[in-house]
S.K.: 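Quick one: structure below, then a few questions.
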Amino acid sequence: MTVNGIKKRTIVAIIAVLMTVSVITLSLSGCQTPDRQFEINAAEGDYGGRVYEYMQTLANDYPARTMATEGERKAAEYISSVMSGLGYTSEYEYEGIKGLDGFKLGFTRYDGSSVNDAYAYNVIFEKKASSESSLGEILLMCQYDNLYSETDGEKEWQADGSYESGGAVAVMLTLAETLKDKVSDYDLTFAFFTGGSYTWMGAKQYIDNLKRADLDNLRLAINFSMLFGGSNLYLYTSEKETSYGNFMTQAGSGLTQVPKDKSISFNVLTNDAILNYVHAGMLGNHYYLINKQIPVANFLSLDWSCKDNPMMTEMKGKTNVYHSKDDTFATLKERKGEQGIKDEANGVMLTCLTVLDTSNSEVLSSALAKADDEGLNLTAQSARTNSLLNIILKIVLIAAIFAVAGTVKRYVQKHKDKYIPQTEDEPTNETPEPFSDAFDDFSKSKSAKPDDTGIKQDDDFKDDPFV
């Protein structure tokens with residue numbers, strides 16, 4: 001082995017080590033301790049009664065809100081009339097109805113029947129920030145459809161969907177009513193999506209059509225999911241602790257702490273998923289924004305610590321009403337009582353009003369500014385990408401270890417006179433055995449072979465795949 005050969009291998013080893021250190025450093029970059037305490041001005045008021053009234057209207061006057069039905073269109077027009085009456089504007093309009101975003105789709109209902117070339121409707125309204133220096137956009141969203149028109153083969157379910165969507169729509173309309181005359185430092189978008197009962201197809205339609213500039217301007221998305229049908233009220237924000245998540249939790253009213261064990265299901269809904277699993281907190285319109293690494297928050301009502309049912313349990317000792325014939329306003333009143341619904345509704349309202357209050361805008365903006373560094377985008381790519389990076393990292397690490405080991409070994413072998421003390425052979429007084437010289441000569445003559453193969457005998461490790 002030449003000196004130049006050793007130098008080359010040393011350089012290769014150093015490069016491999018540097019590559020390994022770089023990969024590890026990049027994977028750990030952005031890991032910082034999130035802020036946990038904030039100076040917050042809490043909102044006050046009693047809004048539960050107004051939410052309850054909107055829920056009654058939806059259940060009594062617009063119970064049939066199933067996607068791709070006439071009832072869905074009527075519900076969309078009702079929501080449009082309320083938002084327009086409150087003074088909100090919209091860049092969307094469909095067949096003369098302000099705020100409607102109509103689109104064609106095909107899907108399969110729960111009874112197995114196919115729907116082709118049908119129209120469905122999202123309802124989108126907005127309110128621009130009060131000053132020209134907007135801090136960005138906050139998206140408030142829910143689904144408004146239900147499974148009323150689904151059948152068991154003969155009869156319609158006739159479930160007005162108060163748990164799955166009615167309560168959330170009522171909160172959104174009450175928020176719009178409360179915020180219409182208030183100053184805001186953020187552009188506010190109110191999105192009432194259809195297709196929530198069918199993997200949130202309306203939300204996917206809307207989010208897939210957002211431009212890159214729209215996504216860059218979107219600071220936070222707040223989703224209102226299943227409300228007023230579970231034992232507790234939760235606010236889910238992220239798989240990791242974040243400053244904005246801590247801010248919203250501190251701003252929360254009537255919240256129960258999200259459990260660490262969330263009944264994870266190992267499946268994904270889209271190919272661009274950044275995580276290879278889902279759970280109840282991730283399931284909603286906001287799922288498609290999680291995959292685009294937008295900060296999200298999701299309100300939901302259930303008993304997250306109870307494991308009576310797979311994925312989620314609404315109330316201990318009771319069967320789930322989600323996606324069933326029992327998802328009705330009457331069921332919710334029976335389970336929680338009128339005052340229980342109003343109290344939980346007020347908790348959701350006060351939490352949102354605190355988050356959106358202009359006196360807390362600077363704190364919220366600072367917390368959201370750290371979301372990129374604290375979130376999942378630096379450490380949790382898609383399952384396929386993440387697995388590939390792990391494989392590459394392991395290969396580089398193994399190669400680096402073998403390269404360093406081989407270089408050290410060759411260096412020691414070349415300089416063994418320097419590092420390994422040599423001892424002189426001491427004379428021996430042993431008497432040679434009879435015939436020993438003759439036996440040695442005979443052995444050498446039998447074992448010796450001419451070196452006529454042309455193969456170099458000393459191993460220079462050039463064929464070692466790990467070096």
Side-chain angles (χ1 to χ4, degrees), residues 26-27 29-30 88-94 99-105 120-129 131-143 184-196 199-223 237-240 242-245 268-276 278 282 284-298 356 361 364-386 388-389:
L26 284 173
S27 67
S29 63
Y88 288 89
T89 61
S90 178
E91 63 182 61
Y92 297 92
E93 185 173 325
Y94 186 83
L100 260 63
D101 177 20
F103 57 96
K104 187 180 291 187
L105 79 170
Y121 310 92
N122 289 329
V123 186
I124 315 294
F125 282 87
E126 62 186 14
K127 176 185 178 182
K128 294 298 183 181
S131 64
E132 294 182 359
S133 56
S134 169
L135 295 178
E137 178 191 0
I138 292 180
L139 175 62
L140 304 167
M141 55 188 181
C142 71
Q143 72 172 83
S184 175
D185 292 322
Y186 289 89
D187 299 325
L188 301 180
T189 299
F190 292 80
F192 302 82
F193 293 127
T194 189
T199 64
W200 313 284
M201 295 179 71
K204 189 175 189 305
Q205 161 74 17
Y206 176 82
I207 294 166
D208 284 349
N209 283 286
L210 289 177
K211 299 177 181 178
R212 183 67 255 177
D214 297 327
L215 290 170
D216 291 340
N217 189 52
L218 184 53
R219 297 290 181 264
L220 175 67
I222 302 177
N223 185 61
T237 55
S238 175
E239 293 300 276
K240 291 179 62 180
T242 62
S243 296
Y244 87 87
V268 296
L269 302 182
T270 57
N271 291 329
D272 63 346
I274 64 172
L275 295 168
N276 62 352
V278 295
M282 297 165 59
N285 301 300
H286 61 299
Y287 174 78
Y288 301 108
L289 289 171
I290 291 175
N291 294 332
K292 294 186 181 297
Q293 301 164 7
I294 302 298
V296 301
N298 183 39
L356 299 175
S361 293
L364 174 59
S365 178
S366 175
L368 289 171
K370 300 178 181 180
D372 285 343
D373 291 335
E374 296 171 349
L376 294 169
N377 56 329
L378 294 177
T379 57
Q381 298 81 12
S382 69
R384 291 180 293 276
T385 304
N386 197 39
L388 180 60
L389 288 176

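Residues take their numbers from the sequence shown, with the count starting at 1.
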S.K.: Which heavy atom of A120 sits nearest a heavy atom of T194, and at what distance?
M.R.: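 What the structure gives for the nearest pair is CB-CG2, 3.8 Å.
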S.K.: For residues 202-214, which residue pairs qualify under salt bridge (Lys or Arg N to Asp or Glu O under 4.0 Å), counting only residues two or more places apart or in two chains?
M.R.: K204-D208, R212-D216
S.K.: Considering all heavy atoms of both residues, which atom of K370 and which atom of S243 are nearest to each other, and what is their separation?
M.R.: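 It is CD-OG, 3.8 Å.
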S.K.: Go through the steps for V268 and Y287 under the test side chain to side chain contact (heavy atoms under 4.5 Å, CB included), then give the verdict.
M.R.: CA-CA 10 Å; V268 296; Y287 174 78; 4.1 Å; yes
S.K.: Looking only at heavy atoms, what is the nearest atom pair of R219 and P295, with distance?
M.R.: O-CG, 3.4 Å
S.K.: With side chain to side chain contact (heavy atoms under 4.5 Å, CB included) as the criterion, how do I294 and L139 come out once you've worked through the C-alpha distance, each side chain's angles and the decisive distance to 0.1 Å?
M.R.: CA-CA 11 Å; I294 302 298; L139 175 62; over 6 Å; no
S.K.: List in chain and number order the residues that pass side chain to side chain donor-acceptor pair (under 3.5 Å) with S134, two or more places apart in sequence or in another chain; answer none if no residue qualifies.
M.R.: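 Once residues adjacent in sequence are excluded, the partners of S134 under the side chain to side chain donor-acceptor pair (under 3.5 Å) criterion are D187.
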S.K.: To the closest 0.5 Å, what do you measure between CG (L215) and CD1 (I207)?
M.R.: 8.5 Å
S.K.: List in chain and number order the residues that pass ring pair (Phe, Tyr, Trp, His ring centres under 6.0 Å) with Y288, two or more places apart in sequence or in another chain; answer none if no residue qualifies.
M.R.: none
S.K.: So do the side chains of L210 and K292 get within less than 4.5 Å of each other, counting heavy atoms only?
M.R.: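 No. Closest side-chain heavy atoms not under 4.5 Å.
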S.K.: Can you tell me how far apart CD1 (I274) and CD1 (I290) are? Round to the nearest 0.5 Å.
M.R.: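 Nearest 0.5 Å value for the CD1-CD1 distance: 7.5 Å.
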S.K.: Evaluate Y186 against L220 for side chain to side chain contact (heavy atoms under 4.5 Å, CB included), listing each step before the verdict.
M.R.: CA-CA 10 Å; Y186 289 89; L220 175 67; over 6 Å; no
S.K.: Might you point out which heavy atoms bring N285 and A203 nearest each other, and give the distance in Å?
M.R.: OD1-CB, 3.4 Å
S.K.: Are any non-hydrogen side-chain atoms of K240 and E374 less than 4.5 angstrom apart?
M.R.: no
S.K.: Hey, can you tell me if Y88 and F190 have their rings parallel, tilted or perpendicular (30° and 60° cut-offs)?
M.R.: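 Y88 and F190: perpendicular rings.
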S.K.: Would you check if the side chain of N209 reaches a backbone N or O of Q205 as a donor-acceptor pair within less than 3.5 Å?
M.R.: yes
S.K.: Taking atom CG of L135 and atom OG of S366, what is their separation to the nearest 0.5 Å?
M.R.: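 Atom-to-atom, L135:CG and S366:OG are 11.5 Å apart.
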S.K.: I want to check something: taking the side chain as every heavy atom from C-beta on, are T89 and E126 in contact at a cut-off of under 4.5 Å?
M.R.: yes
S.K.: Between F125 and S90, which heavy-atom pair has the shortest distance, and what is it?
M.R.: CD2-CB, 3.9 Å
S.K.: Atom CE in M282, atom CG in N291: separation rounded to 0.5 Å?
M.R.: 7.0 Å
S.K.: Could you check Y206, F192, Y92, Y94 and say which one makes a side chain to side chain contact (heavy atoms under 4.5 Å, CB included) with N122?
M.R.: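 Answer after filtering Y206, F192, Y92, Y94: Y206.
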S.K.: Can you list the steps and then say if V296 with N223 is a side chain to side chain contact (heavy atoms under 4.5 Å, CB included)?
M.R.: CA-CA 8 Å; V296 301; N223 185 61; over 6 Å; no
S.K.: If you take all heavy atoms of Y244 and S238, which pair is closest and at what distance?
M.R.: OH-CB, 4.3 Å
S.K.: Nearest 0.5 Å, what's the CG-CD distance between L218 and E137?
M.R.: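 That separation rounds to 5.0 Å.
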S.K.: Roughly how far apart are E239 CD and L275 CG, rounded to 0.5 Å?
M.R.: 6.0 Å
